[in-house]
Amino acid sequence: MEWSELKKNADGLVPCIVQDSKNGDVLMMAWMNEESFQKTIAEQRMCYWSRSRKELWIKGMTSGHFQYVKELYADCDSDTLLAKVEQIGAACHTGSRSCFFKQIL
């Protein structure tokens, strides 16, 4: 699937859900633009668009906690991506393995 086939939000971004390829744990969600999408495919490491910093963000460049892409999917509406990755270290900036640790129910 090409970037042009994906449905983007008003800012030209697509959400990407990141899942551990070994155990299926949901690790995080981040945004991708066309440049981060293409870089992810070319380098086989997850690259995102940081909305707060307004720059590319290669996961692990500062923390060493890289995400190596094993599989990449688009959902049925082509408006959300799912990346199955080999996670090195923590996925969350808090140091937690997953960003989803605040239980509500």
Verdict with supporting geometry, V69 and M46, side chain to side chain contact (heavy atoms under 4.5 Å, CB included)
CA-CA 6 Å; V69 185; M46 291 307 297; 3.2 Å; yes
Output the distance between atom CG (D25) and atom CG (L27), rounded to the nearest 0.5 Å.
6.5 Å
Y48 versus M28: any side-chain heavy-atom pair under 4.5 Å?
yes
In the single-linkage hydrophobic clustering (I, L, V, M, F, W, Y; side-chain heavy atoms under 4.5 Å), do F100 and L82 co-cluster?
yes
Regarding E43 and Y68, is there a side-chain donor-to-acceptor distance under 3.5 Å anywhere?
no
Please check: side-chain N/O of S50 versus main-chain N/O of R53, any donor-acceptor pairing under 3.5 Å?
yes
How far does CG of D11 sit from CH2 of W49, to the nearest 0.5 angstrom?
10.5 Å
Is the number of heavy atoms from other residues, nucleotides or ligands under 6.0 Å of K39 NZ greater than 12?
no
If you measure from SG on C92 to CD on Q87, what distance do you get to the nearest 0.5 Å?
10.5 Å
Please find the pair of heavy atoms, one from S78 and one from M1, that lie closest to each other, and give the distance.
OG-CE, 3.5 Å
Check A90 against G95 and note the closest heavy-atom contact, atom names and distance.
CB-O, 3.3 Å
Can you list every ring pair (Phe, Tyr, Trp, His ring centres under 6.0 Å) pair that touches residues 6-38, not counting sequence neighbours?
W3-F37
Should we count CD of E2 as having more than 12 external heavy atoms under 6.0 Å?
no
Output, in order, the C-alpha distance, side-chain angles, deciding distance and verdict of side chain to side chain contact (heavy atoms under 4.5 Å, CB included) for L81 and L6.
CA-CA 9 Å; L81 296 170; L6 296 172; 4.0 Å; yes
Excluding I104, membership of its hydrophobic cluster (Ile, Leu, Val, Met, Phe, Trp, Tyr; side-chain heavy atoms within less than 4.5 Å) reads L105
Could you state whether V14 and I41 fall into the same hydrophobic cluster, counting links through intermediate Ile, Leu, Val, Met, Phe, Trp or Tyr residues with side-chain heavy atoms under 4.5 angstrom apart?
yes
Give a yes or no answer on whether the side chain of N9 reaches the backbone of L13 with a donor-acceptor pair at less than 3.5 Å.
yes
Given side chain to side chain contact (heavy atoms under 4.5 Å, CB included), test F101 with T94 step by step and report yes or no.
CA-CA 11 Å; F101 57 85; T94 66; 3.7 Å; yes
For the residue pair Q44 and E86, establish whether any side-chain heavy-atom pair is separated by less than 4.5 Å.
no
Say you draw a straight line from CD of E71 to OG of S21; how long is it, rounded to the nearest 0.5 Å?
7.5 Å
Tell me which pairs pass ring pair (Phe, Tyr, Trp, His ring centres under 6.0 Å) where either residue lies in residues 78-99, with sequence neighbours left out.
none
Cluster overlap I88 with I58, hydrophobic side-chain contacts below 4.5 Å:
yes
Same cluster or not: are V85 and Y73 linked, directly or through other Ile, Leu, Val, Met, Phe, Trp or Tyr residues, by side-chain heavy atoms under 4.5 angstrom apart?
no
How far apart are the closest heavy atoms of D79 and P15, and which atoms are they?
O-CD, 3.3 Å
Test item: L56 and E35 side chains (from C-beta on) under 4.5 Å apart, heavy atoms
yes
Report yes or no: does K7 contribute a side-chain atom to a donor-acceptor pair with the main-chain N or O of D77 at less than 3.5 Å?
yes
So CD1 of I17 and CD of Q19: to nearest 0.5 Å the spacing works out to 9.0 Å
For the atom pair OG1 (T40) and CD (Q67), what is the distance rounded to the nearest 0.5 Å?
9.5 Å
